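The structure appears below as structure tokens.
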Amino acid sequence: MTVPLPDSTSIDVGTSADLMFADKLEKRFGGLSAVDGVSFSVREGEIFGLIGPNGAGKTTLFNLITGLTPPTSGRLIFRGENLTGARPHVIAQKGIARTFQNIRLFPNLSALENVMVAQHIHTHSDILSSFFGLPSARREEAFIRKTALDLIDLIHMRDRADEKAKNFSYGDQRRLEIARALALKPQILLLDEPGAGMNSNEKAGLSDFIRQIRDQFKLTIVLIEHHVPLVMGLCDRIAVLNFGQLIALGNPADVQRDPAVIEAYLGE
């Protein structure tokens with residue numbers, strides 16, 4: 001199945017290589033269409049970029065995918081299953097995790113506790129088992145702690161594991177939020193502006209880190225990012241939104257040359 005774009009390019013959706021695809025997703029707020037019939041696929045194992053000017057509908061699209069906002073119309077298909085309108089915790093359990101443009105850590109919990117909390121979506125011990133400290137609950141809690149410490153090690157913050165999240169720098173909070181998202185054991189990870197507030201050297205390190213976690217955890221990654229050089233150097237494919245509509249999709253070189261993309265960013 002192909003869906004034509006305004007620039008006459010097309011995308012394949014529903015193929016065996018697809019992990020997820022959006023089928024004509026739309027979100028209207030009164031008379032405003034924030035996402036307007038957007039269709040695209042994400043292939044398993046790729047790093048997929050989503051770019052566009054401010055107000056293009058990128059974060060709203062992430063909210064539709066993760067269940068924070070119900071779509072007005074359209075479908076979200078993940079591994080062949082229709083997840084349209086599912087609650088956020090259900091979508092997380094299915095294997096879709098995200099970070100946020102505005103960081104949403106628990107500020108008064110430690111770095112370790114922030115990561116441990118995310119894992120409880122996959123636990124099996126009930127309240128009584130935990131309350132009475134039954135062996136099965138203790139074993140599960142020990143496993144959660146070890147897994148969280150491994151993720152803290154991954155972001156090179158082991159020496160600050162017991163420090164409250166609110167005391168961390170903006171960049172460190174970004175990395176901690178990624179560690180917490182990884183604790184959900186996702187198959188696809190959505191990163192909303194992971195490079196925000198970082199300098200050029202930090203963004204170069206971020207690219208390496210994103211590739212590392214993609215390979216290490218066998219992830220598919222979708223990211224929103226305003227820093228175009230980072231996206232062009234990191235992503236396998238890129239989709240471009242403007243005023244809620246998909247105006248281009250393809251490899252970085254083709255997207256960068258697309259007249260509709262140039263106009264959206266620079267004006268006629």
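Given the structure is predicted, the values throughout are model-derived calculations rather than measurements.
- Summarising the geometry of I155 relative to L176, their closest heavy-atom pair is CD1-CA, 3.8 Å, with the distance given to 0.1 Å.
- Contact annotation: the side chain of L230 approaches that of S207 to within less than 4.5 Å [non-hydrogen atoms, C-beta and beyond].
- Between the side chains of E26 and S73, a donor-acceptor pair is found at a separation under 3.5 Å.
- The line from CG of L112 to CZ of R145 is 5.0 Å long, rounded to the nearest 0.5 Å.
- There is a path of hydrophobic side-chain contacts, each under 4.5 Å, that joins F209 to F217.
- In this structure, the side chain of T69 does not engage the main chain of L64 through any donor-acceptor pair within 3.5 Å.
- Proximity of a side-chain donor or acceptor of T220 to a complementary backbone N or O of G45 within less than 3.5 Å is detected.
- Proximity of L191 to I224: side-chain heavy atoms (C-beta onward) are nowhere separated by under 4.5 Å.
- Cation-pi geometry between K58 and F62 is not met at under 6.0 angstrom from the ring centre and within 45 degrees of the axis.
- Separation of the F48 and F40 ring centroids falls under the 6.0 Å cut-off.
- Using a cutoff of 4.0 Å between basic side-chain nitrogens and carboxylate oxygens, D254 and R257 are scored as salt-bridged.
- A pairwise comparison of heavy atoms in P53 and A264 identifies CG-O, 3.6 Å as the closest pair.
- Taking both residues in full, the closest heavy atoms of R180 and L105 are given as NH1-CA, 3.5 Å, listed atom of the first, atom of the second, then distance.
- Under the 4.5 Å side-chain criterion, counting only non-hydrogen atoms from C-beta, P71 is in contact with T84.
- For the pair R160 and F168, the cation sits on the ring face: its NZ or CZ lies under 6.0 Å from the ring centre, inside 45° of the axis.
- Atom NZ of K203 has more than 12 neighbouring heavy atoms from other residues, nucleotides or ligands inside a 6.0 Å radius.
- Across all their heavy atoms, P88 and L68 have their closest contact at CG-CD2, 3.9 Å.
- Each of V222, I213, I210 was checked for a side chain to side chain contact (heavy atoms under 4.5 Å, CB included) with L189, and the lone residue meeting it is I213.
- R237 has a carboxylate O that lies under 4.0 Å from a charged side-chain N of E46, or vice versa, which qualifies the two as a salt bridge.
- Side-chain heavy atoms closer than 4.5 Å link hydrophobic residues (I, L, V, M, F, W, Y) into clusters, and following such links, possibly through other members, connects Y170 to M157.
- Between the side chains of Q101 and T59, at least one donor N or O lies within less than 3.5 Å of an accepting N or O.
- When the shell of 6.0 Å around CZ of R214 is examined, it contains more than 12 heavy atoms from other residues, nucleotides or ligands.
- Taking 4.5 Å as the limit, every side-chain heavy atom of K146 sits out of range of all side-chain heavy atoms of L149.
- Contact of the I47 side chain with the R211 side chain is registered, since non-hydrogen atoms from C-beta on lie closer than 4.5 Å.
- Taking each heavy atom of V255 and L249 in turn, the nearest pair found is CG2-C, 4.1 Å.
- With F100 as the aromatic partner, R98 meets the cation-pi criteria of under 6.0 angstrom to the ring centre and within 45 degrees of the ring axis.
- A heavy-atom distance below 4.5 Å is not found between the side chains of I238 and N251.
- Counting heavy atoms from C-beta on, the side chains of V115 and I152 come closer than 4.5 Å.
- Side-chain contact between K27 and N63 is absent, with no heavy atoms from C-beta onward closer than 4.5 Å.
- In plain terms, the two heavy atoms of L241 and L61 that are nearest each other are CD1-CD2, 4.1 Å.
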